[in-house]
Amino acid sequence: MTRGGPDHQGSLPGLSAQEAAALAREHDLQQVGVRPPLGLYVRDLWRHRNFIWTMSQAGFIARHQNNYLGLLWSVLNPLLLGAAYFLIFGLLLGTRGNVENFIAFLTAGLFTFIFISAGFNYGARSMVENTGLVRALRFPRAILPISVMITELIATIPAFLILLLLCLLTGETPSLKWLLFPVALLIVGLITLGIGLIAARIVHAARDVGNLIPLLTRMLRYISGIFFPIADYAGHGLMSYVLMYQPIAVSLQMVRESLMGEFPLDPTTWLVSLAWGVILTGIGFIVFWRAEASYGRA
C-alpha cells in the first residue's frame with residue numbers, strides 16, 4: 001500500500017502519519033480540535049494574558065456603550081437596588097436582626113453578590129455567545145470565562161468604592177483590617193471564576209441549562225444572607241452551618257468582616273472562603289479544560 005493511502009488518512013500527501021507528526025514538531029505546529037496537555041494549556045493562557053486583558057476591557061466597554069449614563073450607571077444601579085432592598089427588608093420586613101449598621105451590612109452583601117451573580121450569568125453563556133470567535137480563532141477557550149470575571153470586577157469597582165464611602169458615612173471607622181478588603185475581593189473573584197468555568201462547560205454541553213441560571217441566581221440571592229444575618233434566622237443546626245458556609249454566603253461574610261467593626265475577623269470565615277476559591281477554581285479549570293476540543297463544534 002502506498003503512502004497517503006487509506007491507512008494514512010489525515011497525514012500530509014506523500015507523508016506517513018509518523019513523518020507528518022515529526023514535521024509538525026519540528027515547526028511547532030499543533031493539530032486543531034485536540035485537547036492540549038494541561039501544563040501546555042496553562043502556559044498558553046499566560047502567553048495570552050494581554051489578550052485576556054483586552055477582552056475584559058472590550059467586554060466592559062460593550063456593556064455600557066448603549067447606556068446614556070455610561071460608567072455612572074455602574075454606580076447608580078447598585079445604589080438604587082440597595083435603596084429598594086433597604087426599604088423592603090430593612091424597614092418593611094425588619095430583617096436586620098441584631099445588626100447595628102444595617103446599611104453597611106446590606107450594601108456590602110448586595111454589591112459583592114452583584115459581582116458574583118454577573119460573573120455566574122455571563123460566564124455561563126461565554127462559550128455559547130462567542131461561538132463565532134471560537135470557530136474563527138485558535139486560543140485557550142478558558143480565556144472567555146476568565147475575561148468575563150475580570151470584566152465584572154472592573155464593572156463593580158465603582159460600586160465597591162461607593163461601599164467604602166457608605167461605610168464611612170454610616171459610622172464605620174477605618175482600621176488596619178480594611179487592608180484586607182482587596183484580599184477579600186480577590187478570593188471572591190476566585191469563587192466567581194470557578195463557578196463561571198463550571199457553568200460555561202455545562203451550558204455549552206446542554207444549552208437548555210442556561211435557562212436555569214437566572215433561577216439559580218435568584219435562589220442564591222435569598223439564601224445567602226444578603227438581606228439578613230443567617231445566624232439570627234437559621235438556628236444552630238446542620239442547616240445553619242450549610243447556609244453560613246456555602247461559598248456565596250461565606251464570601252459575603254468575609255467582605256463584611258473586612259469593613260465592619262461589629263463583625264470581628266474570624267479565621268474560619270477566611271479559611272473556608274479561601275478553600276472554596278481554590279477548590280472551585282481548580283475543579284472548574286479541570287472540568288473546562290477537559291472539554292477544550294469540543295468548544296465551537298456544532
Side-chain angles (χ1 to χ4, degrees), residues 41-42 45 52 55-56 59-60 63 78 108-130 140-157 159-160 182-226 230 242-256 269-292 294-295:
Y41 191 70
V42 173
L45 271 175
I52 294 175
M55 287 282 293
S56 303
F60 174 74
R63 189 75 49 80
L110 178 61
F111 292 1
T112 305
F113 184 80
I114 287 174
F115 169 41
I116 297 173
S117 62
F120 181 26
N121 281 270
Y122 290 114
R125 303 196 302 269
S126 60
M127 301 307 301
V128 175
E129 294 185 348
N130 290 281
R141 309 314 188 194
I143 284 178
L144 295 175
I146 291 173
S147 66
V148 165
M149 187 276 291
I150 298 175
T151 294
E152 298 312 320
L153 180 59
I154 295 172
T156 318
I157 284 177
F160 286 135
V183 179
L185 295 185
L186 177 61
I187 296 174
V188 172
L190 286 176
I191 293 174
T192 304
L193 175 59
I195 294 173
L197 286 166
I198 295 171
R201 163 73 188 276
I202 294 174
V203 171
H204 179 267
R207 306 294 174 88
D208 289 344
V209 176
N211 297 323
L212 298 177
I213 300 299
L215 175 62
L216 291 174
T217 302
R218 284 193 293 271
M219 183 180 70
L220 288 171
R221 185 187 299 269
Y222 292 108
I223 68 170
S224 297
I226 298 175
I230 293 177
V242 171
L243 290 175
M244 285 192 297
Y245 293 109
Q246 53 101 336
I248 309 302
V250 74
S251 62
L252 303 189
Q253 181 63 20
M254 176 180 59
V255 172
R256 288 164 177 150
T269 300
W270 291 76
L271 289 175
V272 172
S273 297
L274 179 60
W276 275 122
V278 172
I279 291 171
L280 286 174
T281 300
I283 292 176
F285 191 79
I286 297 298
V287 166
F288 188 91
W289 162 75
R290 287 181 64 85
E292 179 73 10
S294 69
Y295 299 129

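For the atom pair L274 CG and L186 CG, the distance stands at 9.0 Å (nearest 0.5 Å). To the nearest 0.5 angstrom, S117 atom OG is 10.5 Å from I195 atom CD1. Expressed to the nearest 0.5 Å, how far CZ of R256 lies from OG1 of T112 amounts to 8.0 Å. Rounded to the nearest 0.5 angstrom, L193 CG and M149 CE are separated by 5.0 Å. One distance of note links CG of N121 with CD1 of I213; it measures 6.5 Å at 0.5 Å rounding. Note that the CG atom of L215 and the CG atom of L212 stand 6.5 Å from one another [nearest 0.5 Å].
Contact annotation: the side chain of I116 never approaches that of L220 to less than 4.5 Å [non-hydrogen atoms, C-beta and beyond]. In this structure, the side chains of I150 and M55 stay at 4.5 Å or more apart for every pair of heavy atoms. Counting heavy atoms from C-beta on, the side chains of P145 and R201 never come closer than 4.5 Å.
At least one donor-acceptor pair under 3.5 Å links the side chain of Y295 to the backbone N or O of F288. Looking at W270, its side chain never comes within 3.5 Å of a backbone N or O of A184 through a donor-acceptor pair. In this structure, the side chain of T281 engages the main chain of L190 through a donor-acceptor pair within 3.5 Å.
Below 30°, between 30° and 60°, or above 60°: for F160 and F115 the angle between ring planes is above 60°, a perpendicular geometry.
Annotation for L243 and I230: closest pair O-CD1, 3.5 Å, computed over non-hydrogen atoms. Looking at every heavy atom in both residues, T151 comes nearest to G59 through CG2-C, 3.7 Å. Contact record, F111 with T156: O-CG2, 3.8 Å, taken as the closest heavy-atom pair. Shortest non-hydrogen contact noted between L197 and F285 is CD1-N, 3.7 Å. Contact record, A200 with G123: CB-O, 3.3 Å, taken as the closest heavy-atom pair. When all heavy atoms of I191 and P247 are compared, the closest pair comes out as CD1-O, 3.9 Å.
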Working for side-chain contact (heavy atoms from CB on, under 4.5 Å), residues L110 and R221: CA-CA 9 Å; L110 178 61; R221 185 187 299 269; 4.2 Å; yes

Worked check of side-chain contact (heavy atoms from CB on, under 4.5 Å) between R141 and W289: CA-CA 8 Å; R141 309 314 188 194; W289 162 75; over 6 Å; no

L144/M127 under side-chain contact (heavy atoms from CB on, under 4.5 Å): CA gap, chis, key distance, verdict: CA-CA 7 Å; L144 295 175; M127 301 307 301; 3.7 Å; yes

I248 and F120: CA distance, side-chain angles, deciding distance, side-chain contact (heavy atoms from CB on, under 4.5 Å) verdict: CA-CA 11 Å; I248 309 302; F120 181 26; over 6 Å; no

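Residues Y122 and E152 have side chains that never bring a donor and an acceptor to within less than 3.5 angstrom of each other.
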